[in-house]
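To start, the structure under review is shown below, and the notes come after it.
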There are 2 protein chains.
Amino acid sequence: MVRERGLVGLSLRELGGRVGMRAQSLYSYFTSKNEIYDAMFRQGYETFMGEMALPPAPNEPTNVLAFIEAGSLRFFDFCVSDPVRYQLLFQRTIPDFEPSPESWALALRAYDRGVGGLRQLGFDDESLDMWTAVLTGLTDQQISNDPGGTRWRRQVPRAVRMLVTEFAPHLVTPPRARPRRKATR
Amino acid sequence: MVRERGLVGLSLRELGGRVGMRAQSLYSYFTSKNEIYDAMFRQGYETFMGEMALPPAPNEPTNVLAFIEAGSLRFFDFCVSDPVRYQLLFQRTIPDFEPSPESWALALRAYDRGVGGLRQLGFDDESLDMWTAVLTGLTDQQISNDPGGTRWRRQVPRAVRMLVTEFAPHLVTPPRARPRRKATR
DNA sequence: GTCTATAAGATGATAGAC
DNA sequence: GTCTATCATCTTATAGAC
């Protein structure tokens, strides 16, 4: 229903109708409308963690850079495939709704798991901030300005290479020959 | 009013009350609620163009890189200083509202002017896409995850250097000594 | 240009019967 | 658990008097 009407278009009456009961009967399952949003929020993050944890697809990443790129594209596609879910999980635009503490904790776990691989590769907090911003920025532009297309998705590999070069250059320039130093001391 | 209540919190009754009349009297000025959103949209972009066109502040940019950085920070601050306006102008989350053709044309002019400087410096369409994504990504994170702080703003100079290095390296590495070639032919 | 009156509806939520 | 009945609003918008 929210995929059709948007998040604020969720109406208890119509929701009741769709599941075959009166709106009031929903209160046997949820104490308020926000509790429904909260359940969707939680479910969304559970799906997210499930998707991100899947084994790599047949077209495998062979090296570290390809591995990071694959993870980034997976995140990107997860977001773009369901813009309303993206809005619910990563933007926060429903008036008067904020997730319950348990749901927030889940979201934090999901974030930690998402960037855990990068952290292990030596990315510090600042670089993870930059990482998050760039990836969600591309995602956002794709959803808002080219839904259904690939205009911004095509930039993901380049962004990944750019970020890795900036924050973990040893991963991208194989350490064969050290650049000469100015002088030997 | 929308700064307090959010964009969807705009109510004609209360708006009327604030300007000293009944809600119905507003229809002498606007034919619908969406026309009010449209007026705010247009006004926002006019302010935007005004702000971005201001002469550089006393702490001047001295070189090209600093010039780009200053412009980026100016955009960033414009967005962060008024999150609701940001939502109206750059995200599009009001149900059933879309800007009139004239307002859209204005928004396109504003974008062109905003990236015009970069285009003159040799940035192509793809790099402008990346530019937009990164800058709005940082902005978005700042607004959603650290409102009032500077956690993501601090990353702007680094992002600028990273992007310029990627897309216009001649601007950041002064052309003193050419890297030696493999062989002379 | 502002008002009153009112249309015509939507909404989330509660009480209590069965 | 689901229902009917209903509350208590809220909303945008129109008609027409002054």
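In the text below, chain A, chain B and the rest are named by the order of the sequence lines, each starting its count at 1.
The nearest whole Å value for the distance from the CZ atom in Arg13(A) to the P atom in dA13(C) is 12 Å. Per the geometry, CG belonging to Leu10(A) stands 10 Å off P belonging to dT11(C), to the nearest Å. Rounded to an integer number of Å, the gap from Leu12(B) CG to dC10(D) P is 14 Å. As a whole-Å value, the separation of Gln24(B) CD from dA15(D) C1' is 11 Å. Rounding to whole angstrom units, CE of residue Met21(A) and P of dT4(D) are separated by 13 Å. Here the P atom of nucleotide dC10(D) and the CD atom of Glu14(B) are 11 Å apart, to the nearest Å. Separating the CD1 atom of Ile94(A) from the P atom of dT11(C) is a distance of 16 Å, rounded to the nearest angstrom.
When Trp131(A), Phe90(A), Tyr111(A) are each tested for a ring pair (Phe, Tyr, Trp, His ring centres under 6.0 Å) with Phe75(A), only one passes: Phe90(A).
Ring-centre distance between Tyr37(B) and Phe41(B): not below the 6.0 Å cut-off.
Proximity of Ser28(B) to the phosphate of dT2(C): no side-chain N or O atom is located under 4.0 Å from OP1 or OP2. Neither OP1 nor OP2 of dG1(C) sits under 4.0 Å from any side-chain N or O of Ser25(B).
No engagement by Ile36(A) is indicated, since no non-hydrogen atom pair under 4.0 Å with the nucleic acid exists. Across all strands, Leu15(A) comes closer than 4.0 Å to no nucleic acid atom at all (heavy-atom distances). Residue Tyr29(A) is in sugar-phosphate contact alone, with no base atom involved, counting any heavy-atom pair closer than 4.0 Å across all strands shown.
Tyr27(B) does not carry Arg22(B) over the face of its six-membered ring by the limits of under 6.0 Å from the centre and within 45° of the normal.
Side-chain contact, Asp129(B) with Thr132(B): no donor N or O sits under 3.5 Å from an acceptor N or O.
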